[in-house]
Amino acid sequence: MPENKLTRLFITFFLLLTTSITFGQGFQISGTVQSAAQQQAIPYVNIGIKKKNIGTATRPDGSFKINLKEENRQDTLTFSAIGHNELSLPVSSILSNRNTRFELTEKTTALHEVVISSKAPKIKKIGTTSRNPFLYGSAETVHSEDISELGKFIKLNNKTSEILSATVYLRSIKLDSATFRINLYKNTAGMPGERLVEKSVIRRLPLTQGWVTVPLEQYGLVVDEDFFLGIEYLPDYSKHEKYIFIYGAAFGGSFYSRKASLGDWEKGLGGRLAAYVTVRQ
């Protein structure tokens with residue numbers, strides 16, 4: 001066999017082998033998420049496989065892509081957005097039906113009015129209002145197009161409280177600012193559970209000044225139980241950073257974090273997140 005023909009045969013075989021290996025390693029699901037009623041794109045929808053820390057979030061235009069492994073074909077992909085019912089679909093069904101558009105229905109929630117009855121309400125700061133300059137944590141994501149979230153336990157001592165603002169210590173040497181979502185979670189056996197309120201609070205926060213405050217009074221967040229404050233980093237698709245920023249901390253207590261959309265929360269000991277809420281009680 002001539003040498004050039006043998007060379008072409010070898011290259012063809014190599015390409016086929018490479019394609020086979022690549023396919024065997026995994027696959028990608030992509031599409032857009034929108035509301036079923038308004039037919040409008042939903043930005044920053046959390047998408048993931050629960051209990052496996054595999055996830056992503058939709059872009060501002062509602063589009064997404066997520067890379068999965070062959071072993072994930074038997075798993076379920078979940079879509080979760082504030083104010084909407086969760087959508088869970090088998091990965092195998094998405095692939096076989098070639099789904100590229102995913103619709104979420106709006107939640108129907110009864111208004112739960114809580115009134116602060118105190119004749120002379122007091123303004124209080126609850127949480128950790130100082131930090132140790134030698135103690136900090138590093139926030140990172142598993143994948144550059146996924147979230148990273150910090151949690152802070154807020155103990156209200158059964159006092160009905162209006163949440164006026166949330167404050168946290170954040171700094172970065174890579175980014176001047178980043179987009180965050182403020183979440184309130186139920187306290188479920190000492191860990192963040194379901195969302196406590198269905199309000200979307202998304203802000204672009206500076207990462208150069210340390211302590212930063214997010215005003216919340218306009219949202220009418222009134223709660224009457226202990227909860228977890230969530231500070232969720234939302235991916236900036238123009239930058240691919242794994243290590244995003246550092247957060248302040250103080251010695252003692254516990255801290256909570258997760259590195260993937262719909263991922264498991266982890267609890268650490270020995271330090272607590274430098275974050276607090278200002279409330280009216």
Side-chain angles (χ1 to χ4, degrees), residues 11-109 140-149 178-181 183 194-195 198 200 202 230 232-242 244 258-265:
I11 292 174
T12 301
F13 175 78
F14 177 78
L15 289 175
L16 287 172
L17 180 61
T18 304
T19 302
S20 177
I21 292 175
T22 303
F23 179 79
Q25 288 178 338
F27 55 93
Q28 184 180 94
I29 292 177
S30 60
T32 56
V33 183
Q34 61 185 41
S35 63
Q38 286 80 25
Q39 295 291 297
Q40 295 178 344
I42 308 176
Y44 302 119
V45 177
N46 293 121
I47 304 171
I49 296 177
K50 293 183 178 181
K51 303 298 182 181
K52 294 197 174 180
N53 289 329
I54 298 173
T56 189
T58 59
R59 297 170 180 256
D61 64 358
S63 66
F64 76 94
K65 60 181 180 179
I66 183 170
N67 295 313
L68 301 175
K69 298 179 180 179
E70 286 299 312
E71 61 197 59
N72 299 130
R73 287 181 180 270
Q74 305 307 315
D75 292 325
T76 297
L77 194 64
T78 298
F79 300 77
S80 177
I82 292 176
H84 296 78
N85 294 303
E86 277 193 358
L87 173 66
S88 295
L89 297 171
V91 171
S92 58
S93 173
I94 294 173
L95 293 174
S96 61
N97 294 326
R98 298 183 179 181
N99 296 114
T100 57
R101 188 177 68 178
F102 304 86
E103 295 186 349
L104 302 185
T105 58
E106 292 185 2
K107 276 187 177 179
T108 310
T109 55
E140 60 179 279
T141 57
V142 176
H143 305 289
S144 61
E145 295 192 351
D146 205 356
I147 65 101
S148 179
E149 189 166 12
T179 302
F180 291 85
R181 176 162 48 205
N183 298 306
E194 296 180 358
R195 289 191 181 98
E198 297 292 332
S200 183
I202 297 176
E232 180 185 9
Y233 163 79
L234 298 172
D236 187 340
Y237 295 96
S238 63
K239 301 178 179 66
H240 296 281
E241 299 283 355
K242 181 178 180 182
I244 314 157
R258 61 176 171 180
K259 301 176 183 178
S261 284
L262 306 180
D264 294 330
W265 284 92

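Between the side chains of Thr78 and Ser88, at least one donor N or O lies within less than 3.5 Å of an accepting N or O.
Residue Arg195 comes nearest to Ile82 through the heavy atom pair NE-CG1, 3.3 Å, listed as atom of the first residue, atom of the second, then distance. Across all their heavy atoms, Ile42 and Ala81 have their closest contact at CG2-CB, 4.1 Å.
The side-chain heavy atoms of Asp75 and Leu68, taken from C-beta on, include no pair separated by under 4.5 Å. Between Ile29 and Val91 the shortest side-chain heavy-atom distance falls below 4.5 Å. Within the 4.5 Å cutoff, no side-chain heavy atoms of Phe102 are placed close to those of Ile47. By the 4.5 Å heavy-atom criterion applied to side chains, Ile54 and Ile66 are counted as neighbours. In this structure the side chain of Glu198 never reaches within 4.5 angstrom of the side chain of His84, judged on heavy atoms. Looking at Ser35 and Leu104, their side chains never come closer than 4.5 Å, going by heavy atoms from C-beta outward. Contact check for Leu234 versus Glu232: side-chain heavy atoms found under the 4.5 Å cut-off.
One N or O on the side chain of Asn53 and one on the backbone of Asp264 form a donor-acceptor pair closer than 3.5 Å. Within the 3.5 Å criterion, the main-chain N or O of Glu140 finds a donor-acceptor partner in the side chain of Ser148. In this structure a side-chain-to-backbone donor-acceptor pair under 3.5 Å is present from Arg181 to Tyr44. Within the 3.5 Å criterion, the main-chain N or O of Ser63 finds a donor-acceptor partner in the side chain of Asp61. For the pair Ser261 (side chain) and Thr56 (backbone), a donor-acceptor distance under 3.5 Å is present.
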| message | I'd like to know whether Thr179 forms a side-chain contact (heavy atoms from CB on, under 4.5 Å) with Ile202, so could you lay out the CA-CA distance, the side-chain angles of the two residues, the decisive distance to 0.1 Å, and finally the verdict. | response | CA-CA 7 Å; Thr179 302; Ile202 297 176; 3.6 Å; yes

Review point. Going through the checks in order, is the side-chain hydrogen bond (donor to acceptor under 3.5 Å, both in side chains) test met by Asp146 and Thr141?
Key: CA-CA 6 Å; Asp146 205 356; Thr141 57; over 6 Å; no

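The distance from atom NE2 of His143 to atom NZ of Lys259, rounded to the nearest 0.5 Å, is 12.0 Å. The CG atom of Asn67 sits 9.5 Å away from the OG atom of Ser30 when rounded to the nearest 0.5 Å. In this structure, CG in Asn72 is found 11.5 Å from OG in Ser92, a value given to the nearest 0.5 Å.
Between Arg59 and Glu145, at least one side-chain N (NZ, or NE/NH1/NH2) sits under 4.0 Å from a carboxylate O, which counts as a salt bridge. Between Lys52 and Glu71 there is no salt bridge, since no side-chain N of the basic residue sits under 4.0 Å from a carboxylate O of the acidic one.
Classified by interplanar angle (parallel below 30°, tilted 30° to 60°, perpendicular above 60°), the ring pair Phe79/Phe64 is perpendicular.
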